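What follows is a single structure, written as structure tokens, with notes after it.
All heavy atoms count here, side chains included; hydrogens, waters and symmetry mates do not. The model shown is predicted, which means the values in this text are computed figures rather than measured ones.
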Amino acid sequence: IPDLREWRAPRMALQMQQALRAHREAGWWPDRRAFYSDEVRANFDLAESKEHEPLDAARERLSELDRLIDGLLADGTILCVPTVPIIAPQLEEIVQMPRRGEVRHPIIGLLACCTLPFSRPGLASMSIPCGADARGMPIGLQLIADTDSVVLRAGMTLESVIAGDRFLGRGHGQIVPSSLPATTVR
């Protein structure tokens with residue numbers, strides 16, 4: 001599969017334009033600008049500055065990426081990817097992350113980069129806990145397929161294995177990917 005970060009720019013370009021349009025149609029933006037958070041105001045300001053740019057290239061890139069995933073899942077394959085690419089940070093760690101001039105806090109992009117590509121119609125996904133780090137912070141595994149029943153069956157199977165290992169005293173009931181790569185299961 002392509003690098004999951006490739007979905008972010010085209011998907012965000014489309015989503016921000018859709019959100020801006022919806023808030024305008026509701027009569028909220030820009031009339032109630034003061035009621036929005038700094039981050040949302042900055043996002044809508046950015047969307048306004050780009051609203052005359054054509055979105056055809058973003059739509060085409062998303063279609064290309066989505067077709068790759070659809071092709072992988074067509075034969076009943078289940079994709080297994082980390083729910084997030086990092087171990088859950090604590091608040092102190094988030095506060096210390098450098099902003100580097102980004103509109104959104106960098107944690108938002110990090111926490112969404114593995115789920116964003118699969119948050120669309122026609123796909124089923126779920127996240128299951130599969131362990132914890134040394135500090136007890138959770139580690140999640142995301143399962144993606146083309147139907148809900150396939151994802152639910154796989155999730156129930158994995159959870160029973162994880163819980164069974166914990167109950168039977170075999171290991172710690174954890175699946176801990178060493179480098180958190182995307183994996184396919186057939």
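- Closest of all the heavy-atom pairs between Cys113 and Pro117 is O-CD, 3.3 Å.
- Under the side-chain contact (heavy atoms from CB on, under 4.5 Å) criterion, Arg61 pairs with Glu6, Pro10, Glu64, Leu65, sequence neighbours left out.
- When hydrophobic residues (I, L, V, M, F, W, Y) are linked wherever their side-chain heavy atoms come within less than 4.5 Å, Leu116 remains an isolated member.
- Under the salt bridge (charged side-chain N to carboxylate O under 4.0 Å, His left out) criterion, Glu93 pairs with Arg135, not counting sequence neighbours.
- Applying the side-chain contact (heavy atoms from CB on, under 4.5 Å) rule to Ser37 yields the partners Glu39, Val40; only residues at least two apart in sequence or on another chain are considered.
- For Ser127, the side chain to side chain donor-acceptor pair (under 3.5 Å) partners at least two apart in sequence or on another chain are Thr83.
- Annotation for Arg33: atom CZ counts as buried by contact number, over 12 foreign heavy atoms lying within 6.0 Å.
- A search for side-chain contact (heavy atoms from CB on, under 4.5 Å) contacts involving Leu14 returns Leu55, Ala58, Arg59, Leu62, not counting sequence neighbours.
- As a member of the Ile/Leu/Val/Met/Phe/Trp/Tyr network built from side-chain separations under 4.5 Å, Leu91 groups with Val95.
- Classification of the Phe118-Trp7 ring pair by plane angle, with boundaries at 30° and 60°, yields tilted.
- Residues satisfying the side chain to side chain donor-acceptor pair (under 3.5 Å) criterion with Asp56, sequence neighbours excluded, are absent altogether.
- Contacts of Asp31 classified as salt bridge (charged side-chain N to carboxylate O under 4.0 Å, His left out), with partners at least two apart in sequence or in another chain: none.
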Distance-only check: which donor-acceptor pairs under 3.5 Å involve side-chain atoms of residues 138-157, not counting sequence neighbours?
unit_1	atom_1	unit_2	atom_2	d
Gln142	NE2	Cys114	O	2.8
Thr147	OG1	Val150	N	3.4
Thr157	OG1	Arg153	O	2.9

Would you give me the side-chain donor-acceptor pairs under 3.5 Å for residues 16-25, sequence neighbours excluded?
unit_1	atom_1	unit_2	atom_2	d
Gln17	NE2	Ala47	O	2.8
His23	ND1	Tyr36	OH	2.7
Arg24	NH1	Glu51	OE1	2.6
Arg24	NH2	Glu48	OE2	3.0
Arg24	NH2	Glu51	OE1	3.4
Arg24	NH2	Glu51	OE2	3.0

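- Sequence neighbours left out, the pairs with a member in residues 115-125 that pass salt bridge (Lys or Arg N to Asp or Glu O under 4.0 Å) are Asp66-Arg120, Asp70-Arg120.
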